Amino acid sequence: PKDKQVLLFSATMTEDVKNLAYDYMDKPKEITVSQDEVVLDLTKQYYISVGRRNKIWALCRILDIDKPKAVIFCQTKKMVDILDERLSELHYKVEAIHGDLPQSKRERVIQDIKDDKTDILIATDVAARGLDIDDITYVINYDMPDDIDTYIHRIGRTGRAGKEGTAISFVTSEEEHIIREFCHRISGMTIEKRDVPEEDGMKDTV
């Protein structure tokens with residue numbers, strides 16, 4: 001239509017996306033929330049120092065004891081598929097999405113977690129863009145992201161609609177500097193160290 005208003009919202013805005021937006025907008029105005037004003041008040045942030053081989057064990061402990069409705073982020077499609085297969089073998093209600101899945105399948109997976117047919121969604125960053133599920137209680141970074149924008153986007157999937165959320169990042173000893181860097185980059189942000197939860201009689205999964 002001749003008379004229309006176009007608005008674009010994004011947790012992050014890369015230069016190529018910004019340039020594309022300008023091509024389709026008439027005299028656009030940009031409103032930016034600075035990094036110092038990122039609002040994460042409803043999300044408690046933790047990291048667990050764990051070796052790569054023990055990540056699945058730590059993850060199962062969290063799922064068994066804390067019983068979250070969770071989005072788990074992996075860096076690659078291959079890791080998403082591996083984790084999906086492993087958790088399915090252990091009888092968790094889990095679904096996975098990544099860029100290789102057809103759109104219809106991705107929409108069905110998202111609807112299943114919205115309808116509580118599944119508790120756990122494993123995703124890559126690309127597949128999770130625009131993910132809008134209000135009752136996610138945990139975001140788990142199975143693989144730690146390299147940049148602060150991706151981290152903020154991921155943990156923004158929880159702590160929404162006035163509900164508290166929890167973000168947990170698995171960090172190897174070589175990656176602990178990333179935690180310090182992220183906290184330094186965003187004023188007032190704290191990522192506390194947490195141990196893997198324990199419970200008497202809990203089975204270990206290796």
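Since the structure is predicted, the reported quantities are computational estimates derived from the model, not experimental observations.
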Rounded to the nearest 0.5 Å, what separation is found between the [atom1] atom of [X] and the [atom2] atom of [Y]?
{"X": "Ile113", "Y": "Ile97", "atom1": "CD1", "atom2": "CD1", "answer": "8.5 Å"}
{"X": "Lys163", "Y": "Ile136", "atom1": "NZ", "atom2": "CD1", "answer": "10.5 Å"}
{"X": "Ile56", "Y": "Leu90", "atom1": "CD1", "atom2": "CG", "answer": "6.5 Å"}
{"X": "Asp125", "Y": "Thr150", "atom1": "CG", "atom2": "OG1", "answer": "5.5 Å"}
{"X": "Gln75", "Y": "Phe73", "atom1": "CD", "atom2": "CZ", "answer": "10.5 Å"}
{"X": "Asp84", "Y": "Glu89", "atom1": "CG", "atom2": "CD", "answer": "10.0 Å"}

Go through the structure and list residues passing salt bridge (charged side-chain N to carboxylate O under 4.0 Å, His left out) with [X], not counting sequence neighbours.
{"X": "Asp81", "answer": "none"}
{"X": "Asp143", "answer": "Lys55"}
{"X": "Asp100", "answer": "Lys77"}

| Arg194: partners by side chain to side chain contact (heavy atoms under 4.5 Å, CB included), with sequence neighbours left out |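 Arg194 satisfies side chain to side chain contact (heavy atoms under 4.5 Å, CB included) with Tyr46, Ile48, Asp66, Tyr138, Ile168, Pro197 only.
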
Which atom of [X] lies closest to which atom of [Y], heavy atoms considered:
{"X": "Cys60", "Y": "Leu87", "answer": "SG-CD2, 4.1 Å"}
{"X": "Glu198", "Y": "Ile65", "answer": "C-CD1, 3.6 Å"}
{"X": "Pro145", "Y": "Ile178", "answer": "O-CG2, 3.9 Å"}
{"X": "Val80", "Y": "Ala96", "answer": "CG1-CB, 3.6 Å"}

Counting distance only, does the side-chain N/O of [X] pair as donor-acceptor with the main-chain N or O of [Y] below 3.5 Å?
{"X": "Thr166", "Y": "Lys44", "value": "no"}
{"X": "Lys67", "Y": "Asp64", "value": "yes"}
{"X": "Arg157", "Y": "His153", "value": "yes"}

Residue list, side chain to side chain donor-acceptor pair (under 3.5 Å) with [X], at least two apart or on another chain:
{"X": "Ser49", "answer": "Glu176"}
{"X": "Asn141", "answer": "Arg154, Ser169"}
{"X": "Thr158", "answer": "none"}
{"X": "Thr76", "answer": "none"}

| Is there side-chain contact between Thr43 and Val139, with at least one heavy-atom pair below 4.5 Å? |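 Side-chain contact under 4.5 Å: no.
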
| message | Quick one, Ile120 and Ile72 - any side-chain contact, counting heavy atoms below 4.5 Å? | response |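 Yes, at least one pair of side-chain atoms sits under 4.5 Å.
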
| If you look only at pairs with a residue in residues 20-30, which of them pass as a salt bridge (Lys or Arg N to Asp or Glu O under 4.0 Å), with sequence neighbours excluded? |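 Checked against salt bridge (Lys or Arg N to Asp or Glu O under 4.0 Å) - neighbours excluded - the pairs reaching residues 20-30 are Lys18-Glu30.
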
| said: By the salt bridge (Lys or Arg N to Asp or Glu O under 4.0 Å) test, which pairs, at least two apart or in different chains, include something from residues 107-122? | reply: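 Non-adjacent pairs meeting salt bridge (Lys or Arg N to Asp or Glu O under 4.0 Å): Lys69-Asp116, Glu95-Arg108, Arg108-Asp112.
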
| query | Ile148 and Met189: side chain to side chain contact (heavy atoms under 4.5 Å, CB included), yes or no, with the steps? | reply | CA-CA 12 Å; Ile148 187 69; Met189 188 173 81; 4.1 Å; yes

| query | Do Leu20 and Tyr22 belong to the same hydrophobic cluster, where Ile, Leu, Val, Met, Phe, Trp and Tyr are linked whenever their side-chain heavy atoms lie under 4.5 Å apart, directly or via other members? | reply |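 No, Leu20 and Tyr22 fall in different hydrophobic clusters.
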
| message | Between Met79 and Ile82, does the side chain to side chain contact (heavy atoms under 4.5 Å, CB included) criterion hold? Intermediate values first, please. | response | CA-CA 5 Å; Met79 192 65 238; Ile82 290 172; 3.9 Å; yes

| request: Among Ile, Leu, Val, Met, Phe, Trp and Tyr joined by side-chain contacts under 4.5 Å, find the other residues sharing a cluster with Leu8 and list them by chain and number. | output: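 Same cluster as Leu8: Val6, Met25.
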
| task | Mind running side chain to side chain contact (heavy atoms under 4.5 Å, CB included) on Val196 and Trp57 for me, showing each step along the way? | result | CA-CA 9 Å; Val196 177; Trp57 163 76; 3.8 Å; yes

| Residue pair Phe170, Ile62: steps toward the side chain to side chain contact (heavy atoms under 4.5 Å, CB included) verdict | CA-CA 12 Å; Phe170 291 164; Ile62 292 169; 3.8 Å; yes

| said: Does anything in residues 171-196 form a ring-ring contact (aromatic ring centres under 6.0 Å, His included)? List the pairs, not counting sequence neighbours. | reply: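 As it turns out, the ring-ring contact (aromatic ring centres under 6.0 Å, His included) pairs with a partner in residues 171-196, which skip direct neighbours, are Tyr151-Phe182.
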
